Protein chains: 2
Amino acid sequence: MLGNSYEGQVCSAARALEVVGERWSLLIIRDALFGGVTRFSDFARCLGLARNILAARLDGFVEAGIMERFLPEGAAYQEYRLTRKGRDLAPVIIALTDWGDRWAAPNGRPVIYRHAECGGDVEQQLVCRACGMAIEPDQVDIELGPGMTGAAW
Amino acid sequence: MLGNSYEGQVCSAARALEVVGERWSLLIIRDALFGGVTRFSDFARCLGLARNILAARLDGFVEAGIMERFLPEGAAYQEYRLTRKGRDLAPVIIALTDWGDRWAAPNGRPVIYRHAECGGDVEQQLVCRACGMAIEPDQVDIELGPGMTGAAW
DNA sequence: CGCGACTGGTTGCATCATGCGACCATTGAA
DNA sequence: TTCAATGGTCGCATGATGCAACCAGTCGCG
């Protein structure tokens, strides 16, 4: 989005950015995923964004199916919860964080992701499904798949 | 960026988004990384974005150190090339693409990432550096690290 | 019950980012 | 020489974002 779309692009990354590419979107999802934030006012406080923008983003997330509104039984204030589709964005946020840690964190990592079971550092890897090897980013090629229409991306 | 910053956020994901979070930024980098696009007019044509915006993005990338301007010897038109810092964004783009493939590609994947050596599918995994296990997104916890200042993210 | 604080918004206005089309100097090819 | 492409810049219109004010309903406290 960012208010609009990337129409000309036949590309899943563009489709994803239409949903979560606007300003604040990924930070809202980060807080929901890893900070356990669920309520309107808590998002506004944590992030310091304007409340009308927050309302617009949350509406968009609900409409896109990455969050759902939920009223805990008995009472009073509603929660915004990530759906499976929303939680599936975790790798995106972790990839951004990894990059920021490496290239924009002179004082060390502010936040560390840990394996809940054993407490170890979480690392993101590209793996080849065929040969099982770990892959460096420059060993990745692209190929057009069945969802491609027309000639261009 | 998106024209401005996420000042209140002490978070590497926010730092990363300040560099590549603006509209079109990640698509430009995607084309540079996987499409081999290097020239101003080619970016403009592939993406269909306004040329003044493209100029602003490329300037920003050069300033941020994720691209560099390069004049091939002998002649005439310049190229924009990703630096190491820029190529390191590949996992972000692959993560976005994976998500888009899963949740927003009803006709199948338009673009497939392949291991250059063996041609196998590239898959992104979270791995525990301590125990070596593959980790599901909901098994990830966070911990504050040395770069954290103050109490909040 | 009364009161103040908090929640979950909405509205209007100002400002910044983005998009569009016109323009321009230089290079290259016919 | 002429025509098209490159790599931009400029000005204006429109859209997105940010800010402050406002509001109804709820909660906790005395």
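Being a predicted model, the structure only gives us computed values, none of them experimental. Within every chain, numbering begins at 1; the chains are lettered A, B, ... in the order of the sequence lines, protein sequences first and strands thereafter.
Residue-level contact check: B/Y80 touches the backbone only, with heavy atoms under 4.0 Å from sugar-phosphate atoms and none from bases.
A/E22 places its CD atom 9 Å from the C1' atom of D/dA16, with the value rounded to the nearest Å. Distance, B/L47 CG to C/dT18 P: 14 Å, rounded to whole Å. Distance, A/I53 CD1 to C/dA17 P: 14 Å, rounded to whole Å. Atom-to-atom, CZ of B/F61 to C1' of D/dG7 comes out at 17 Å; the value is rounded to the nearest Å. Across the protein-nucleic acid pair, B/L71 atom CG and C/dT26 atom P stand 16 Å apart, rounded to whole Å. Counting to the nearest Å, the P atom of D/dA16 and the CD atom of A/E18 are 13 Å from each other. Distance, B/D59 CG to C/dT18 P: 14 Å, rounded to whole Å.
A sub-4.0 Å separation between OP1 or OP2 of D/dA16 and a side-chain N or O of A/R23 is absent. Residue B/W24 places at least one side-chain N or O under 4.0 Å from the OP1 or OP2 atom of C/dG19. When the side-chain nitrogen and oxygen atoms of B/S41 are compared with OP1 and OP2 of D/dG7, one or more of them lie within a distance under 4.0 Å. Note on B/R57: a side-chain N or O is less than 4.0 Å away from OP1 or OP2 of C/dT18. The phosphate of C/dG19 (OP1 or OP2) has no side-chain N or O of A/Y6 nearer than 4.0 angstrom. The side chain of A/R45 places an N or O atom within less than 4.0 Å of a non-bridging phosphate oxygen (OP1 or OP2) of C/dT7.
Salt bridge annotation for B/D88-B/R84: present, with a cationic side-chain nitrogen under 4.0 angstrom from a carboxylate oxygen. For B/R81 and B/E68, the salt-bridge test fails: no basic side-chain N is under 4.0 Å from an acidic carboxylate O.
Of the candidates D/dG25, D/dT6, C/dC20, the closest approach to any side-chain atom of A/Y77 belongs to D/dG25. Of all nucleotides listed (D/dG8, C/dG9, C/dT18), C/dG9 comes nearest to the side chain of A/A55. Between D/dG7, C/dG12, C/dC6, one nucleotide has an atom nearer to the side chain of A/N52 than all others, and that is C/dG12. Taking only side-chain atoms of B/F40, from C-beta outward, the nucleotide of C/dT18, D/dG8, D/dT17 with the closest atom is D/dG8.
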N/O donor-acceptor pairs under 3.5 Å from side chains in residues 36-46 of chain A, not counting sequence neighbours:
unit_1	atom_1	unit_2	atom_2	d
A/D42	OD1	A/R45	NH2	2.9

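Pairs passing the side chain to side chain donor-acceptor pair (under 3.5 Å) check and including a residue from residues 108-120 of chain B, sequence neighbours excluded, read A/Q139-B/E117, A/E143-B/R114, B/T97-B/Y113, B/R109-B/D121, B/R114-B/D121.
The base of D/dG7 sits with one of its N or O atoms less than 3.5 Å from a complementary donor or acceptor on the side chain of B/R51.
Remark: side-chain polar atoms of A/K85 are paired, donor with acceptor, to backbone N or O of A/A64 under 3.5 angstrom.
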